[in-house]
Peer 1: 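If you scroll down you'll find the structure; I have some questions about it.
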Amino acid sequence: MYGIIDCDNCYVSCERVFRPDLKDKPVVVLSNNDGCVVARSNEAKKMGIKAGTPYFQLAEQFPNQKIAVFSSNYELYGELTGRVVEIIRQEAPAYFRYSIDECFVCFDGFADTNLKEWGENLHKRILRSVGMPVSIGIAPTKTLAKMASHFAKKYEGYRHCCMIDTDEKRIKALKLYPIGEVWGIGRRYAARLEALGVKTAFDLANHNETWVKATFNNIVIERTWRELNGIDCVPNEEMAKKKSICTSRSFNGMITDLDGLRTHVSNHAARCAEKLRQQGTVATIVGVFLNTNAFREDLPQRCSFQETLLTNPSNSTITIVKAANEVLQKLYRQGYHYKKAGVIVMGIGPDSPYQPDLFDFNAEQFEKMKRLDAVVDRINKVNGTASIVLGSQQYTRKNGKGKADVVARSARRDACQSKNAIKQDFKSKNPTTRWSDIITLK
Amino acid sequence: MANIKIIQGDFQQRLKLQFAPGIKAGFPSPADDYSHETLDFNRDLILNPEATFYGKVEGDSMIEAGICDGDIAVIDRSIEPRDGDVVVGYINDEFTIKYLDLRHRKDGYIELRPANNDFKPIRIREDDDFEVWGVVVWTIKNWRKY
């Protein structure tokens, strides 16, 4: 049996931990740049606020309504969800974190026989200890567990934990579940399936395997079909490590010059490298994309992507930033107003052991880089993100003469003042990670 | 006069590994047999790290309990609040630190009591939307400013 623990409206719930007054009130959290709504409380969902609604339209669409708005505060979300995972680690026989707000549990050989009660107690403990409400789904396969967690979220009667442990329950759940919401079925396949008359999860599970194979010839759909029928086949390893890591952001305004883009691309690349190191992996491919603003029909449009192959798989900041900037150089064309840039690293594998390229491998250099990255990670962890960055990651001063003009000490202040700095007008404090931000007790 | 017992503590990093006495050259230290893990506040005073939060005390409402302006309160959310506990609650859009008085539960209300006669107890009725945010397990006072 598998379980999934899913934080309810994760970012909103994190904000509510230190704002208990916002319980039962509409709350939204905005994307990185205060661009659009990325998380909504149930009350906000009921009001009709859609995910992705641009922030500036909120007031237009919902005049005279009180909505609590927050900028995203990943430092806070990361810390609080880390506590949730820690509790799961203590309570479960085996677990793996799937995303910031989801965690899978594997019950193989677990002595506790009453899993439904186990789930209800886990929910209680997490809610009380951290203040985070979670929904728990338990079933013979991960796909069914995910489905069960949706039922747990939707119907109060389950007391936050829904278990699919009999065929009867499985079939009942499948019949109630729209095909588009099944884990692993993308929007495109959902449309195709619906056109074929497959409206619910049951409709798909009820077809025979030959039909599924002949119609789609797609491993993911076949696997989903098997999982819906109670056959466990999504390997754990596959989910523990991500296949690709992407960091991207829309600019606050538009950028036309290469120097400006380089700063953003360097930062995204550095973040990718950091994430690779965190999960103990290396990447083989570094890709960069660069898009103009599709809403500005008056301006010339260009969306471009290119990638490069690293000679040796790496997770070193210097290597990955360098590769990303080389791709950017190739990608960049003058005369466009760019709105968004991003870096994707792919071909991810474990960071040891790997076979170095004999002609282009400097073992001494490699070790040096590794040590340097470890030190930088530590400093940034202790003193706050981006305490130490590469020169190319520094945002240029508003009226400065370029990168050389920016000294490291002022980099952070400049980043805040620069017009390209991240917009975070409604950011909450960090009461769990900074002494200066701990709550005040009167 | 208060008695003070001095306990020697070591506040270095946690999980300091001890050397195995067997592989040391020379005469073994006679104290080896008495070695044990050092005292560690994080380990010994914070029993539920994932449920522990910190707060800074502002004002004098708890001064007679010895909780003063500027003290740091260690708050554990995971323990069940009992009558007489020092607790953190959220009232009128702010966090407050008070004694929890459950003696009038059967009369339909509970009270958050200050430890200072200049302040009035806060009465919370059964149908008020109130929750104890956490229980204060320790307060930390700084005597010697660095």
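Atom set for the values below is all heavy atoms of this structure, side chains included, hydrogens, waters and symmetry mates excluded. Since the model is a prediction, treat every value here as computed from it, not as a measurement. Each chain gets a letter, A, B and so on, in the order the sequences are listed, and its residues count up from 1.
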Peer 1: Count the heavy atoms of every other residue, nucleotide or ligand shown that sit under 6.0 Å from NZ of Lys45(A), and state whether that count exceeds 12.
Peer 2: yes
Peer 1: Looking at Lys442(A), is its backbone amide N or carbonyl O close enough to the side chain of Thr96(B) to form a donor-acceptor pair, meaning the two atoms are under 3.5 Å apart?
Peer 2: yes
Peer 1: Report which part of Pro114(B) has an atom under 4.5 Å of a heavy atom belonging to chain A: side chain, backbone, both, or neither.
Peer 2: neither
Peer 1: Which residue pairs satisfy the ring pair (Phe, Tyr, Trp, His ring centres under 6.0 Å) criterion with at least one member in residues 56-91 of chain B, sequence neighbours excluded?
Peer 2: Tyr90(B)-Phe95(B)
Peer 1: Counting only non-hydrogen atoms closer than 4.5 Å, can you tell me which residues of residues 119-126 of chain A sit against chain B?
Peer 2: Arg125(A)
Peer 1: At a heavy-atom distance under 4.5 Å, which candidate from Ser78(B), Pro49(B), Ser61(B) has the highest pair count against chain A?
Peer 2: Ser78(B)
Peer 1: Which bit of Val57(B) is near chain A, if near means a heavy-atom gap under 4.5 Å: side chain, backbone, both or neither?
Peer 2: both
Peer 1: Any idea which heavy atoms bring Arg128(A) and Arg77(B) closest together, and the distance?
Peer 2: O-NE, 3.0 Å
Peer 1: Tell me whether Asp129(B) is salt-bridged to Lys23(A), with the criterion being a basic N under 4.0 Å from an acidic carboxylate O.
Peer 2: yes
Peer 1: Could you look at Glu79(A) and say if it's the side chain, the backbone, both or neither that has a heavy atom under 4.5 Å from chain B?
Peer 2: neither
Peer 1: Run the side-chain contact (heavy atoms from CB on, under 4.5 Å) test against Val17(A) and tell me which residues pass, sequence neighbours left out.
Peer 2: Leu80(A), Trp133(B)
Peer 1: How close do Ala73(B) and Leu441(A) get, heavy atom to heavy atom, and via which atoms?
Peer 2: CB-CD1, 3.6 Å
Peer 1: How far apart are the closest heavy atoms of Arg83(A) and Thr52(B), and which atoms are they?
Peer 2: NH1-O, 2.9 Å
Peer 1: Asp373(A): which residues meet the side-chain contact (heavy atoms from CB on, under 4.5 Å) condition with it, sequence neighbours left out?
Peer 2: Arg277(A), Ser316(A), Thr317(A)
Peer 1: Is Thr432(A) in contact with chain B via its backbone, its side chain, both, or neither, using a 4.5 Å heavy-atom distance?
Peer 2: side chain
Peer 1: What heavy-atom pair brings Ile438(A) and Lys56(B) nearest, and what distance separates the two atoms?
Peer 2: CD1-N, 3.6 Å
Peer 1: Can you say whether the rings of Phe18(A) and Phe53(B) are parallel (under 30°), tilted (30 to 60°) or perpendicular (over 60°)?
Peer 2: perpendicular
Peer 1: Examine whether an atom of Ile72(B) lies under 4.5 Å from a heavy atom of chain A, and if so say whether it belongs to the side chain, the backbone or both; otherwise answer neither.
Peer 2: side chain
Peer 1: Quick one: does Ile439(A)'s side chain get under 4.5 Å of Ile75(B)'s, heavy atoms only?
Peer 2: yes
Peer 1: List the atom of Ile87(A), the atom of Glu50(B), and the distance in Å for their closest heavy-atom pair.
Peer 2: CG1-CG, 3.2 Å
Peer 1: Within the supplied structure, the quantity of interest is the number of heavy atoms (other residues, nucleotides, ligands) at a distance under 6.0 Å from Glu131(B) CD; does it exceed 12?
Peer 2: no
